[in-house]
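Contents: one structure, followed by commentary.
All residue numbers in this chain count up from 1 along the given sequence. Quick note: numbers below take in every heavy atom, side chains included, and nothing from hydrogens, waters or symmetry partners.
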Amino acid sequence: MATAVVVAAAAIGLSAAPAEAVPRPGPIIGQPPIIGSGPAFGSGVRPSNVAGAAQTAGTLEPTLDCIPSEEQPNPVVVLGGFGAIGDIRATLDKQMAGITGGIHDLGGCPFIFGYGIIGPMQAAAPVPESAGELAGFITKVQAATGADHVDIVAHSSGVLIANYYLKFLHGGPHVDRAIYLAPVTQGTTAATLAGGLDLPGSPEGLAGILDNATDPLRNTIFTGIAGALDCLAGSRVTRAIPNGGVTVPGVVYSVLATRGDQVLTPPGPASFIDDPRVENDYFEDLYPQAAPADHATLPMQPDAVQWVIKQLLSE
């Protein structure tokens, strides 16, 4: 079962880090700190206090000791996707290093936020719970920096967290820009999520379990990764967010998808936000000479980093 969960996680967002870094699993309370390095994080997993959670999820919060410059006054909250396993801090630091470095070069303050952590896995908690954690963290960022607004840079399923926060938790007044890389917008397919899982039955059969919300095996097999189920097309989250429009007033949205996305299919339409005010672009169209990108590696592409910086500098 552990193998199955790791493979699913790698399919949705990040490449998995070695799982030995954290004991497997159990409630996050009392769990030893995740060992890692990098300036974007503080120390240890903090238990979440979101009410009603069936299984306690935790967060990894950075040290809020950066004050934004006048040239870049908005702190930037950076969200990775589902699939950071084991040494979550090191995995996210590696994937987002170019983006956080570019923001620092502007005189800005990037804060990578690890959310929805259950056992060794980020984004395993249900999206509404993780969005509540994000709301609390943004409040802390504003208090620590004195900023009226933040910008959000999110990848993959981190976008579901951001969009849920913005639309349903009244996040709009606190955010100026929402900058998304390979976002889960319309949802991924059960076959994509199930493909390669080390469980009995074919991927097609397992996809059927995932698609059937009344199948008791769905919640039994995938206990602890509700955040992955929320990424499926047709889930309660991927139905609710587009209903009536994804965007909220006052927030500038930008989306960068890649034609090499093997997770969100069809690439582009699965990620784009259907709103004439939203800038939707393919990485390959903007940067035809760039090295090939896929779902997990898009945030690490130097040209994608420059695209993020361009969006942060836009009026």
Side-chain angles (χ1 to χ4, degrees), residues 46-54 56-62 64 68 73-82 108-117 122-123 125-181 183-187 226-227 230-231 235-255 271-279 311-312 314-315:
R46 303 182 183 186
S48 168
N49 294 317
V50 177
T56 303
T59 63
L60 272 172
E61 299 185 6
L64 302 177
N74 286 1
V76 183
V77 175
V78 181
L79 304 173
F82 179 80
C109 293
F111 299 117
I112 300 177
F113 178 59
Y115 58 87
I117 299 169
Q122 176 183 253
V127 163
E129 180 180 351
S130 294
E133 294 174 339
L134 175 62
F137 177 67
I138 288 177
T139 297
K140 292 179 183 179
V141 170
Q142 289 180 284
T145 62
D148 293 328
H149 301 90
V150 304
D151 296 327
I152 295 176
V153 174
H155 171 240
S156 188
S157 60
V159 173
L160 279 184
I161 309 306
N163 282 336
Y164 197 98
Y165 162 69
L166 289 166
K167 185 169 183 177
F168 298 116
L169 301 184
H170 312 292
H174 305 283
V175 176
D176 275 343
R177 300 174 186 85
I179 301 166
Y180 296 157
L181 297 144
V184 177
T185 302
Q186 304 300 328
D230 284 342
C231 291
S235 75
R236 55 179 183 162
V237 173
T238 56
R239 290 196 314 268
I241 290 175
N243 187 23
V246 172
T247 63
V248 300
V251 178
V252 178
Y253 293 78
S254 304
V255 173
S271 293
F272 290 155
I273 297 174
D274 185 15
D275 186 316
R277 297 166 297 179
V278 177
E279 179 181 339
Q311 308 313 309
L312 290 171
S314 65
E315 295 296 332

Between Leu169 and Ala135, what is the shortest heavy-atom contact and its length? CD1-CB, 4.5 Å

Where do Ser156 and Gly81 come nearest, in terms of heavy atoms and distance? CB-CA, 4.1 Å

Mind checking whether Asn163 and Tyr180 have side chains closer than 4.5 Å, heavy atoms only? yes

Examine distances only and state if a side-chain atom of Thr59 and a backbone atom of Glu61 form a donor-acceptor pair shorter than 3.5 Å. no

Just so I know, are the side chains of Leu312 and Val76 near enough to count as touching, which here means a heavy-atom distance under 4.5 Å? yes

side-chain contact (heavy atoms from CB on, under 4.5 Å), that's the test. Do Val251 and Asp176 meet it? Break it down for me. CA-CA 5 Å; Val251 178; Asp176 275 343; over 6 Å; no

Do any pairs count as a salt bridge (Lys or Arg N to Asp or Glu O under 4.0 Å) and have a residue in residues 150-172, sequence neighbours left out, and if so which ones? Asp151-Arg177

Compare all side-chain heavy atoms of Phe111 with those of Val141 and state whether any distance is below 4.5 angstrom. yes

Applying side-chain hydrogen bond (donor to acceptor under 3.5 Å, both in side chains) to Gln311 and Ser254, what does each step give before you reach the verdict? CA-CA 7 Å; Gln311 308 313 309; Ser254 304; 3.0 Å; yes

Side chain proximity check, Arg236 to Pro126, heavy atoms < 4.5 angstrom: yes

Smallest heavy-atom separation, Cys231 atom then Val184 atom, equals O-CG1, 3.9 Å

Full working for side-chain contact (heavy atoms from CB on, under 4.5 Å) between Val77 and Val153: CA-CA 6 Å; Val77 175; Val153 174; over 6 Å; no

If you look at every heavy atom in Ser271 and Val255, which pair is closest and at what distance? O-CG1, 3.9 Å

If I compare all heavy atoms of Glu133 with all of Gly58, which pair ends up nearest, and what's the gap? OE2-O, 3.8 Å

All heavy atoms of Ser235 vs all of Asp230, minimum pair found to be OG-O, 2.7 Å

Take Tyr115 and Phe137 through the test side-chain contact (heavy atoms from CB on, under 4.5 Å) and record every step on the way to the result. CA-CA 10 Å; Tyr115 58 87; Phe137 177 67; over 6 Å; no

Would a 4.5 Å heavy-atom cut-off, applied to side chains only, mark Thr185 and Phe272 as touching? no

How far does NE2 of His174 sit from CG of Asp148, to the nearest 0.5 angstrom? 10.5 Å

Taking side chain as C-beta onward, heavy atoms only, is Pro75 less than 4.5 Å from His149? no

Start with the C-alpha distance between Phe168 and Val237, add both sets of side-chain angles, then the distance that settles side-chain contact (heavy atoms from CB on, under 4.5 Å), and finish with yes or no. CA-CA 11 Å; Phe168 298 116; Val237 173; over 6 Å; no

Could you give the distance from CG (Leu64) to SG (Cys109), rounded to the nearest 0.5 Å? 9.5 Å

Holding to side-chain contact (heavy atoms from CB on, under 4.5 Å), I want the full list of residues that pass it with Thr247, two or more places apart in sequence or in another chain. Tyr253, Ile273, Asp275, Arg277, Val278

Beyond-backbone contact of Thr238 with Leu160, side-chain heavy atoms, under 4.5 angstrom: yes

Which of Val159, Asp274, Ile241 passes side-chain contact (heavy atoms from CB on, under 4.5 Å) with Val246? Answer is Ile241

In Å, rounded to the nearest 0.5 Å, how long is the span from CD1 of Ile161 to CD of Glu129? 10.0 Å

